[in-house]
Amino acid sequence: MFDLSQTLALLQFGDSAYPAGGFAFSWGIEGLLADGFVPSRGALEALIAEHLTFRWASFDRVLLGRAFRAESLEEITEIDRLTEALTLTLQMREGSRRAGKALIGVASKLGGTRAHAYRQHMSGDATLGHLTVVQGLVYRDFGVTLPAAELLSGWTLVTGLVSAATRLGAIGHIEAQASLATAREVLADLLLAPVPADAEPQSFTPLIDIAVARGPARQVRMFAT
Amino acid sequence: MNQLAKDTQSKQIAAARLGIGGPVGSGKTAMVERLIPVLMARGIDIAVITNDLVTAEDAERVRRSGLIDPARVSAVEAGACPHTVIREDPTLNIEAADELERRFPGVELILIESGGDNLASTFSRDLTDFWMFVIDVAGGDDIPRKRGPGVIRSDLLVINKTDLAPHVGVNLPKMHEEALKVREGRPVLLTNCRKGEGIDAVVDLIEREVLFRR
Ligand SMILES: Nc1nc2c(ncn2[C@@H]2O[C@H](COP(=O)(O)OP(=O)(O)O)[C@@H](O)[C@H]2O)c(=O)[nH]1
Ligand SMILES: [Mg+2]
C-alpha cells in the first residue's frame, strides 16, 4: 500500500514529536475525565472509537480529501468556511483553527508551497485555518498520497487522545499502548472503507462537543480543548 | 496550482521575543508585572504571552493588572508539557506571537512567560531571541552550583527575592559570585520584584541586548 519512502514519511509526520502543537489538545478528554466519564481504559477506548467513527471518518476525512484535491486558494477557502460553519461549538472551532495554524506554520517554514500560499492568504481572517483542511493541504505538500494523509490525520488524533489521557493520569503507559492497539483496529476498518464520492461532511458526538464547549468554564484546565 | 505555488514573501519587521523561564514561584509573573511599566515608560511597544500550567491565572492576573491593554495578553496552554511548549514544540507560542504582531503591527517586544519547571528547561532559539531565567534566593543558594541548563545557558540569569535572603539564611553576595562563576561571567542580575528593585538594570540590558537601542 505504501512504499518505503511513504512509510518513512508517515513515521516522521505521524510522530507525536512532530512539532505542530498536538500535545496541547485533548479534544474533550480532559473535561470528560474531570466529570467522571472516563473511569476505565475501556471507557477511553469507547470515546476514541466515537471520535473516530462519528466525527473523524464522517467529517474530518471528507473535508481533508476535498482540501487535498483542491487546486486553488478559493477552493480551499471555501472548504475551510464550510468546516467553520459545520463545527458546532466555538471551542471546537477555535481549537481546530489553533491546531491548524500551528501545522501550517511549520509546513510553510519547511518550504511547503501550498502551505505558504494559503497561510499568507488566510492571515487576517480569523475564521480560517481548520486543522483538517490544513492537513489536506500540508500533507500533499509533503509529498504523501491521499490515503497516507488520511492515515496521518486519523492516527495523530488517536495518539493525541491517548497521550492526553496518559498525562492526565487516566491510564498508565502500558495501558496507553493497549489503547493504541485497539484504536489501530478501529482506524484500519474505517480507512479500508473508501469515502463515497458524494459524501457530505457530518458528525454526531454530543458528549465530546459538550465537554469541549465547557472547557473555559473549568477552573483547572491544562489543555487547549 | 500556479496560484498555490506562488511565493508571496512579504515580511514586516518582527518583534523581538523575550523568554522568561524558571522554577514555579520564582517570580516570573511578578517580573513581567514589573517590566511592563518600565518598558512602556521607555516608549517600547509590548505584548505578553503566558504559558500557564493548570489555569489561565497568570494571563488573567496580567490582564487585570491595569498595566497593559488586556487584548495584548495571550495565554497558551501547555497540555501538562511545560518544557515541550517552549522547546521541542514551540509552534503554539510562535503562532500566538505572530498573531499578536498581526493585531498590533507596531509591537517591538513580546514577553513570553514559561509556565515554570525545574532547572532543566530551555527556550527554543526558534521561539525567542533572548531568554532570561529567574530563580529566587528562597529556592536555596545552591541552585547556581547545580548548573541546570537554565542557569547556565540562559542569556540572563536573574536572582529574585533578594529581600528574603536574610530570612532564609542565604549569603547573597556569595550566591551572586557563584552564579557568575558557573556562567563564566555572563550576566547575572539581582532583583526584588516585590519592591521593584533592580528592574531598571534588567530593562537596560534588554534595551541593549535585545532591542539594540543603547
Ligand atoms: N518577597 C518577595 N516575594 C516575591 C518577589 N517576587 C515575587 N514574589 C512572590 O512570590 C510568589 C510567586 O510569584 P510569581 O510571580 O507568581 O511566580 P511565578 O510562578 O514564577 O510566576 C508570589 O506570591 C509573589 O508575590 C520578591 O522579589 N520578593
Ligand atoms: Mg507565573
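To find a chain, count down the sequence lines: A is the first, B the second, and so on, and within it residues start at 1.
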Per the side chain to side chain contact (heavy atoms under 4.5 Å, CB included) rule, which among Leu92(B), Ile94(B), Thr91(B), Thr84(B) passes with Pro19(A)?
Thr91(B)

Counting only heavy atoms not in Lys195(B) (residues, nucleotides, ligands), do more than 12 fall under 6.0 Å from its NZ?
no

Taking the side chain as every heavy atom from C-beta outward, state whether Tyr18(A) and Asp89(B) have any pair of such atoms under 4.5 Å apart.
no

Is it the case that more than 12 heavy atoms not belonging to Arg214(A) sit under 6.0 Å from its CZ atom?
no

Whether Thr55(B) side chain and Gln219(A) backbone form a donor-acceptor pair below 3.5 Å
no

What are the two closest heavy atoms between Met222(A) and Glu77(B), and how far apart are they?
O-CB, 3.5 Å

Given the options Cys81(B), Ala96(B), Gly115(B), which has more heavy-atom pairs under 4.5 Å with chain A than any of the others?
Cys81(B)

Might you confirm whether atom CZ of Arg153(B) has over 12 heavy atoms from other residues, nucleotides or ligands at distances under 6.0 Å?
no

With a 4.5 angstrom heavy-atom cut-off, is it the side chain or the backbone of Ala75(B) that approaches chain A, or both, or neither?
backbone

Could you tell me whether the side chain of Arg119(A) reaches within less than 4.5 Å of the side chain of Asp98(B), counting heavy atoms only?
yes

Would you say that more than 12 heavy atoms from the other residues, nucleotides or ligands in this model lie under 6.0 Å from the CZ of Arg103(B), or not?
yes

For Glu99(B), is there an ion pair with Arg98(A) - N to carboxylate O distance below 4.0 angstrom?
no

Does any backbone or side-chain atom of Ala164(A) lie under 4.5 Å from a heavy atom of chain B? Answer side chain, backbone, both or neither.
neither

Interface check, chain B: of Ala20(A), Gly105(A), Ala24(A), most non-hydrogen pairs under 4.5 Å belong to Ala20(A)

Name the region of Val220(A), side chain, backbone, both or neither, that has any atom closer than 4.5 Å to a heavy atom of chain B.
both

Does any N or O in the side chain of Arg167(A) come within less than 3.5 Å of the main-chain N or O of Gly79(B), such that one atom is a donor and the other an acceptor?
yes

Interface moiety of Glu88(B) toward chain A, non-hydrogen atoms closer than 4.5 Å
backbone

Determine whether more than 12 heavy atoms belonging to other residues, nucleotides or ligands lie under 6.0 Å from atom CD of Glu57(B).
no

